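The structure appears below as structure tokens.
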Amino acid sequence: MGNCIQQLSESVTLIASDDTWIEGNAIQQLHTTSKLAGMRRVAGMPDLHPGRGYPVGAAFFSTGRLYPALIGGDIGCGMALWTTDLDARKSPAEKLEKRLGNIDAPLDDAWQTLVSELAPANVGFQQALGTIGGGNHFAELQRIDHIYDPQAVAALQLDMKQLVLLVHSGSRGLGGSILEQHIHRHGHAGLVQDSADCVDYLAQHDGALQYAEANRQLIARRMLDRLGANGQQVLDVHHNLVTPAAIQGENGWLHRKGATPSDTGLVVIPGSRGDYSYLAAPIPSEASLFSLAHGAGRKWMRSECKDRLVKRYSPAQLSRTKLGSHVVCQDKHLIYEEAPEAYKPVDSIIASMEQAGLLTVLAKLRPVLTYKTRGGCC
DNA sequence: ATGTAC
């Protein structure tokens, strides 16, 4: 497997084993980003893949200046894991799918007290709270497939007999509007630390983090409500955000874009919808800029997925996976874009980080039912 | 990624 912490240049580190597929374009973007003014260190995670100008699956540490474009539009996007009291043996995907129904519409009036409590004052964006959105977002009921650390897992009130719920979503239109306003004013030059516009951006950013966390909580509660189940939040971790940090004795700004923090407790790193997810205990390390992968990482561009797969699979075939799980995705483009084939095998991603000494795996989670969208488009 | 832009 070789060395999993690769030093690509003085300031660029890549966390990946030799056999982890990383697209050349993503490495190029990593190097380009490392040359921004004030940029001190960048670290690519094993799920690194190309983004719009900047790579996804990476952490960036700068001093004196911060770069909203490096966090992207989905500020606060992240993963939440919940326990449920649903019996893993008596909850087949068909039954869950039927009971869940359609959760694409805005939350109704009965939810509005909780909505205003969790996410007050997001003018124009309140109606998206409690909805998953598109792209790689999902909510997934899972079985605990294997426990590697029984003590740690029991301490979280997780039980193999009960399903868990993993929610991946973000700040919907709110974060995008914050980035859009910022780019309109400042382009890609970034913000000088302590300037009025920087203070203003950080306040908006923090609002988007709160909104995104509230959104994940509302999605989970809404699903539990539909399923007639109870549950508790186990963890909620953002992977698109900027935080103040000290790296190599310097104070600055740690940007994460599709990079899970490794210095804030337990995390879940999901594979594709036809693959396992892993509950893990991070081992904080400056070498990875205190970050981990946020998923398996795309192997194929969204635009090429349908052409590559349409002859092999129908949408109906893609709604069932090799692990026996069901996928609710009535958007014919999205179901191809999110096909398991479009992603790297998650085991190679987890192994890279384990080998690099960045995490310990606690449990392996197996998908039962993934909800993407019932509405569809086109 | 998007209460999308075309």
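Nothing here was measured: the structure is a model prediction, and the numbers come from that model. Chain letters run A, B, ... following the sequence lines, proteins first and then strands; every chain starts at 1.
The salt bridge (Lys or Arg N to Asp or Glu O under 4.0 Å) pairs that include a residue from residues 112-131 of chain A number zero, where partners must be two or more places apart or lie in different chains.
Using a 4.0 Å heavy-atom cutoff across all strands shown, A/Gly176 reaches no nucleic acid atom at all. Counting non-hydrogen atoms under 4.0 angstrom, A/Gly173 reaches the backbone sugars and phosphates but no base. In this structure, A/Arg52 reaches the bases: a heavy-atom distance under 4.0 Å links it to at least one base atom across the strands shown. At the heavy-atom level, A/Gly124 lies under 4.0 Å from base atoms of the strands shown.
Put simply, CD1 on A/Ile75 is 13 Å from P on B/dT2, counting in whole angstrom units. Rounded to whole Å, atom P of B/dT2 lies 18 Å from atom CD1 of A/Ile183. The distance between atom CG of A/Leu174 and atom P of B/dG3, rounded to the nearest whole Å, is 9 Å. We find that NE2 of A/His333 is positioned 16 Å from C1' of B/dT2, with the value rounded to whole Å. Atom CG in A/Leu179 sits roughly 14 Å away from atom C1' in B/dT4 (whole-Å rounding). If you measure from atom CD1 of A/Ile132 to atom P of B/dG3, you get 14 Å, rounded to the nearest angstrom. Rounded to whole angstrom, the span from the CG atom of A/Asn122 across to the C1' atom of B/dG3 amounts to 14 Å. One atom, CD1 of A/Ile178, and another, P of B/dT2, lie 14 Å apart when rounded to the nearest Å.
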Going through the checks in order, is the side chain to side chain contact (heavy atoms under 4.5 Å, CB included) test met by A/Tyr67 and A/Phe60?
CA-CA 9 Å; A/Tyr67 292 92; A/Phe60 314 93; over 6 Å; no
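Sequence order on DNA chain B of the closest nucleotides to A/Glu180 and A/Glu338 puts A/Glu338 first from the 5' end.
A salt bridge does not link A/Glu341 to A/Arg308: none of the charged nitrogens lies less than 4.0 Å from a carboxylate oxygen.
Listed by chain and number, the hydrophobic cluster partners of A/Val56 come to none, as no ILVMFWY side chain reaches under 4.5 Å of it.
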